[in-house]
Amino acid sequence: MKKSVLTRYRVMAYVTAVMLLVLCTCMVFKYGFDKGEGLTLVVSQVHGVLYIIYLIFAFDLGSKAKWPFGKLLWVLVSGTIPTAAFFVERKVVREVEPLITDGSPVAAKA
């Protein structure tokens, strides 16, 4: 597996997790203080688009790492639970890094 597959997953995991925290903050202001309804709408739509991209990259990583369905499902759902993506991302990196190849060609033995 190439390092770029893991890198793009990691970037989207962090971006999605941060956007979800921003969305939660916006929801507190919207429903708790009746402020920021327009901002909440924009942030929720941006988070939705970024989450779809996260799903694609996480599924790609999971299929290349040959994860069982339960593990793949947990990684996909972690983008919807505030702060979970941070912890899941660290665990995924530790498990996937040994599977990464450096990309240099290997000479065939005769």
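Values reported hereafter were calculated over all heavy atoms of this structure, with side chains retained and with hydrogens, waters and symmetry mates removed.
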Chemist: Rounded to the nearest 0.5 Å, what's the gap from CG on Leu55 to CE on Met12? Could you check?
Modeler: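 The CE atom of Met12 is 9.5 Å from CG of Leu55, to the nearest 0.5 Å.
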Chemist: So which heavy atom on Tyr51 is nearest to which on Leu76, and how close?
Modeler: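 Nearest pair, atom of Tyr51 first, then Leu76: OH-O, 2.7 Å.
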Chemist: Under a 4.5 Å cut-off applied to non-hydrogen side-chain atoms, are Leu73 and Trp67 in contact?
Modeler: no
Chemist: Honestly curious: do Val11 and Val5 fall in one hydrophobic cluster under the side-chain, below-4.5 Å linking rule?
Modeler: yes
Chemist: Tyr9 and Phe57: which non-hydrogen atoms are nearest, and at how many Å?
Modeler: CA-CB, 4.3 Å
Chemist: Identify all side-chain donor-acceptor contacts of residues 19-36 below 3.5 Å with residues at least two apart in sequence or on another chain.
Modeler:
unit_1, atom_1, unit_2, atom_2, d
Thr25, OG1, Leu21, O, 2.9

Chemist: Output all residues satisfying ring pair (Phe, Tyr, Trp, His ring centres under 6.0 Å) with Phe69, sequence neighbours left out; order by chain, then residue number.
Modeler: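 Testing Phe69 for ring pair (Phe, Tyr, Trp, His ring centres under 6.0 Å), a comparison that skips the adjacent residues, returns none.
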Chemist: Compare every heavy atom of Ala85 with every heavy atom of Ala13, then report the nearest pair and how far apart it is.
Modeler: O-CB, 3.9 Å
Chemist: Can you tell me how far apart NZ (Lys66) and NZ (Lys64) are? Round to the nearest 0.5 Å.
Modeler: 10.5 Å
Chemist: Please report the closest heavy-atom contact between Ala65 and Leu99, naming both atoms and the distance.
Modeler: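 So the two residues come closest at CB-CD1, 4.1 Å.
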Chemist: Could you tell me which residues satisfy ring pair (Phe, Tyr, Trp, His ring centres under 6.0 Å) with Phe59, sequence neighbours excluded, listed by chain and number?
Modeler: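 Checked Phe59 against ring pair (Phe, Tyr, Trp, His ring centres under 6.0 Å); zero matches.
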Chemist: Which heavy atom in Val96 sits nearest to a heavy atom in Leu61, and how many Å separate them?
Modeler: CG1-CD1, 3.9 Å
Chemist: Going by salt bridge (charged side-chain N to carboxylate O under 4.0 Å, His left out), name the pairs with one or both residues in residues 3-14, residues two or more places apart or in two chains.
Modeler: Arg8-Asp60, Arg10-Glu89
Chemist: Listed by chain and number, what are the ring pair (Phe, Tyr, Trp, His ring centres under 6.0 Å) partners of Phe87, not counting sequence neighbours?
Modeler: none
Chemist: Please enumerate all residues that pass side-chain contact (heavy atoms from CB on, under 4.5 Å) together with Ile52, with sequence neighbours excluded.
Modeler: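 Listed in chain order: Ile56.
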Chemist: For Glu97, does the CD atom sit with more than 12 other heavy atoms under 6.0 Å from it, leaving out its own atoms?
Modeler: yes
